[in-house]
Colleague: 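Sharing a structure, written as structure tokens. Questions coming.
Quick note: numbers below take in every heavy atom, side chains included, and nothing from hydrogens, waters or symmetry partners. Chain letters run A, B, ... following the sequence lines, proteins first and then strands; every chain starts at 1.
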Number of protein chains: 2
Amino acid sequence: MEDREISRAVIGRLPRYYRYLGELLDEGVERISSSDLSKKMHVTASQIRQDLNNFGGFGQQGYGYNVKYLHTEIGKILGLSHTHNIIIIGAGNLGQALANYGGFEKSGFILKGIFDVNPRLEGVTIRGIPIRRMDELRSFIRHHEIEIAALTIPKSKAVEVADILVEGGIQGIWNFAHTDLILPENVIVESVHLADSLLKLSYNISSYNHESEK
Amino acid sequence: MEDREISRAVIGRLPRYYRYLGELLDEGVERISSSDLSKKMHVTASQIRQDLNNFGGFGQQGYGYNVKYLHTEIGKILGLSHTHNIIIIGAGNLGQALANYGGFEKSGFILKGIFDVNPRLEGVTIRGIPIRRMDELRSFIRHHEIEIAALTIPKSKAVEVADILVEGGIQGIWNFAHTDLILPENVIVESVHLADSLLKLSYNISSYNHESEK
DNA sequence: TAGATTGTTAATCGATTAACAATC
DNA sequence: TAGATTGTTAATCGATTAACAATC
């Protein structure tokens, strides 16, 4: 409890470090200095060192960082040293896209179930996983030790379903619904607001065009 | 050119303001004070006023903000006063999910074309829009005045396709590939890194659990 | 050992919050 | 007019960058 809180900004950058280190690993690079990494990632070397030192001293003076070691350590920090059971709620296009994407499994996120409000989808399978009815949801979470639920349903249903998830004891919600979820602090919410993202793009395009008009 | 640059943090919050104002509008709310809005959105009233005043004085002392007016004005700032032609590149699950989602159209993002590297998909239609071959891409952008391309292809192809888009004169890329795109500054990139987002969720869950262990 | 590069402290910069005069 | 609430300046807080001693 006495470790200084890690700032959001730092946490937001961790997955990106992890990704670049993974690529270096694939390329067979053995070690890298904060300075070289900073050039690759377009950030300052100072920031890299500061960020990493929030979690410990992973480097060595005069040498830099061992890529494999640092990759593993950041993986541990991100919680990848054990697997995470996940479910998807909402078997629409986006839910199916997530279900069909195999990439998450490689990082240890195991898809255990898919749920949908439409009872007619019951039993239909995606990648061998049957779609279940919502009334099974609460007990399913408990019995299968589900940690994370991806919420790919319209915002009209999102709050209601989120409440069921909370009651079921879910630990994290990956929220794709176009709404913010206000939940007890023991349930972590990570939202992906696609519409917001597109608007940001739109703003930046407009603003660039106005700039260059002058 | 002499307007002070708007900070990223502010830009990142604009779509959220827009969203909340849209909801208030739907609820028939006519006016709102920064203080009331701050309670709804869980931010400080001061921040709301500061953010808005980057773009102009939209409120009125003693009254607050007119919801409809402010919503419209933020819409203009976000570039929603005209429509945007978009294409989707990559007709996989995610590309199809985006194509099938009608919500963007309502904000003026008009899907004009879908492209895929797999020639066998040529002619297959999604919501009435035929999938095209990649070799049509460059000329299609020019002839249909495409502003934005959503890139829903694997990272192995992303850089190569992005280069074609740039040559074609695209203005913005909505990047879903699991890689960063380094492009000329006249092409705006907005990335949605789903894997990074999931890792952040994973981190926050782990970190919360470690906290409460103590 | 000399050179390289970290870990970490100090300086700077920017963003958020607080306060309040202006004004509807 | 009195009350409410903005627009805006000033104060605070936090995050980023710079610098350098420690050390491999």
Side-chain angles (χ1 to χ4, degrees), chain A residues 2-17 20-21 24 29-74 77 200 203-204 207, chain B residues 2-17 20-21 24 29-74 77 200 203-204 207:
Chain A
E2 223 23 330
D3 335 57
R4 64 256 157 278
E5 192 75 20
I6 309 293
S7 84
R8 285 195 162 224
V10 173
I11 297 164
R13 287 190 291 265
L14 283 181
R16 190 156 176 268
Y17 291 133
Y20 274 83
L21 289 163
L24 288 167
V29 177
E30 202 171 89
R31 68 190 185 92
I32 192 158
S33 68
S34 58
S35 160
D36 286 352
L37 188 56
S38 82
K39 278 165 207 146
K40 257 190 128 61
M41 296 186 64
H42 297 91
V43 296
T44 64
S46 208
Q47 180 165 77
I48 294 174
R49 296 204 298 279
Q50 285 278 27
D51 283 355
L52 297 179
N53 277 98
N54 279 295
F55 303 96
F58 301 119
Q60 198 168 84
Q61 284 96 331
Y63 172 89
Y65 299 88
N66 178 288
V67 172
K68 188 169 183 181
Y69 173 70
L70 185 55
H71 183 257
T72 308
E73 289 303 310
I74 296 182
I77 293 165
K200 229 195 301 177
Y203 171 87
N204 284 124
S207 135
Chain B
E2 225 19 332
D3 335 57
R4 63 252 158 282
E5 192 76 19
I6 309 292
S7 84
R8 286 196 161 222
V10 173
I11 297 164
R13 286 190 291 263
L14 282 181
R16 192 157 175 267
Y17 291 133
Y20 274 84
L21 288 163
L24 288 167
V29 177
E30 202 172 88
R31 68 191 183 92
I32 192 159
S33 67
S34 58
S35 159
D36 286 351
L37 188 56
S38 82
K39 277 164 207 147
K40 256 189 127 61
M41 295 186 65
H42 296 92
V43 296
T44 64
S46 208
Q47 180 165 77
I48 293 174
R49 296 204 299 277
Q50 285 278 29
D51 283 355
L52 296 179
N53 277 98
N54 280 293
F55 303 97
F58 301 118
Q60 199 169 83
Q61 283 96 330
Y63 172 88
Y65 299 87
N66 177 288
V67 172
K68 189 170 184 180
Y69 173 70
L70 186 56
H71 183 257
T72 307
E73 288 304 309
I74 297 182
I77 293 165
K200 229 196 299 177
Y203 171 87
N204 284 124
S207 136

Colleague: Out of curiosity, A:Asn204 CG to B:Ile6 CD1, how far, rounded to the nearest 0.5 Å?
Modeller: 11.0 Å

Colleague: At less than 4.0 Å, is any side-chain N or O atom of A:Ser34 found next to OP1 or OP2 of C:dT6? Yes or no.
Modeller: yes

Colleague: Does D:dT6 have OP1 or OP2 sitting under 4.0 Å from an N or O in the side chain of B:Arg49?
Modeller: yes

Colleague: Any donor-acceptor pair under 3.5 Å between the side chain of B:Ser46 and the base of C:dA18?
Modeller: yes

Colleague: Partner lookup for C:dA19, please. Criteria are Watson-Crick or G-U wobble with both distances under 3.5 angstrom; report none if nothing qualifies.
Modeller: D:dT8

Colleague: When you check the phosphate oxygens OP1 and OP2 of D:dT16, does a side-chain N or O of A:Arg13 lie under 4.0 Å from one of them?
Modeller: yes

Colleague: Which heavy atom of B:Leu14 sits nearest a heavy atom of B:Phe55, and at what distance?
Modeller: CD1-CZ, 3.7 Å

Colleague: Side chain of A:Gln60, base of D:dT23: donor and acceptor closer than 3.5 Å?
Modeller: no

Colleague: Considering only D:dT6, C:dT6, D:dA15, which nucleotide approaches the side chain of A:Ser33 most closely?
Modeller: C:dT6

Colleague: Atom CZ of A:Arg8 to atom P of C:dA15: distance rounded to whole Å?
Modeller: 17 Å

Colleague: Whole Å only: how far is the CZ atom of A:Phe58 from the P atom of C:dG7?
Modeller: 9 Å

Colleague: Expressed as a whole number of angstroms, how long is the span from A:Gln47:CD to D:dA15:C1'?
Modeller: 9 Å

Colleague: Can you check whether any acceptor in the base of D:dT9 is under 3.5 Å from a donor in the side chain of B:Gln50, or vice versa?
Modeller: yes

Colleague: Please determine whether a side-chain nitrogen or oxygen atom of B:Tyr65 lies at a distance below 4.0 Å from atom OP1 or OP2 of C:dC24.
Modeller: no

Colleague: Given atom CG of B:Asn54 and atom P of D:dT9, what is their separation to the nearest angstrom?
Modeller: 13 Å

Colleague: What is the distance from CD of A:Gln61 to P of D:dC24, rounded to the nearest Å?
Modeller: 6 Å

Colleague: Please report the distance, rounded to the nearest Å, between NE2 in B:His42 and C1' in C:dT17.
Modeller: 18 Å

